Amino acid sequence: IGSSDLSVTNLKGYKAALENEMADDANNPEYVMEAYLRRVSEGKDMLGNRSFHISKVTSSDVQDVIRSLERGSRVEYIVK
């Protein structure tokens, strides 16, 4: 998987799906409260500009993460 190319079209589709999922979650009060409490209790940013960061992800970034996972790395989320 890490050696496969990720097309621009597929990457745009994945980004759009992620944005849509995040928008759905933001409209669910129970999810928002649970996520807020979890993230704040773990000292994580709740108000970061996720859309901006999602827009900056490249195919190369995705391949780097997949290669790391193939080598046995574990991730919760990526910050670059």
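Just so it is clear, the values below take in all heavy atoms, side chains as well, and ignore hydrogens, waters and symmetry mates. Everything quoted here is computed from the prediction, not taken from an experiment.
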In a table with atom names and distances, give each donor-acceptor pair under 3.5 Å that connects a side chain of residues 10-18 to protein atoms at least two apart or in another chain.
from	atom 1	to	atom 2	distance (Å)
N10	ND2	S7	OG	3.4
K15	NZ	I54	O	3.4
K15	NZ	S55	O	3.1
K15	NZ	V57	O	2.7

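The CG atom of L6 sits 10.5 Å away from the CG atom of D61 when rounded to the nearest 0.5 Å.
For S59, there are no side chain to side chain donor-acceptor pair (under 3.5 Å) partners, not counting sequence neighbours.
The minimum heavy-atom distance linking P29 with N27 is given by the pair CD-O, 3.4 Å.
Ion pairing between a basic and an acidic side chain is recognised when a charged N comes within 4.0 Å of a carboxylate O; R38 and E34 show such pairing.
Counting only residues at least two apart or on different chains, no salt bridge (Lys or Arg N to Asp or Glu O under 4.0 Å) pair has a member in residues 17-30.
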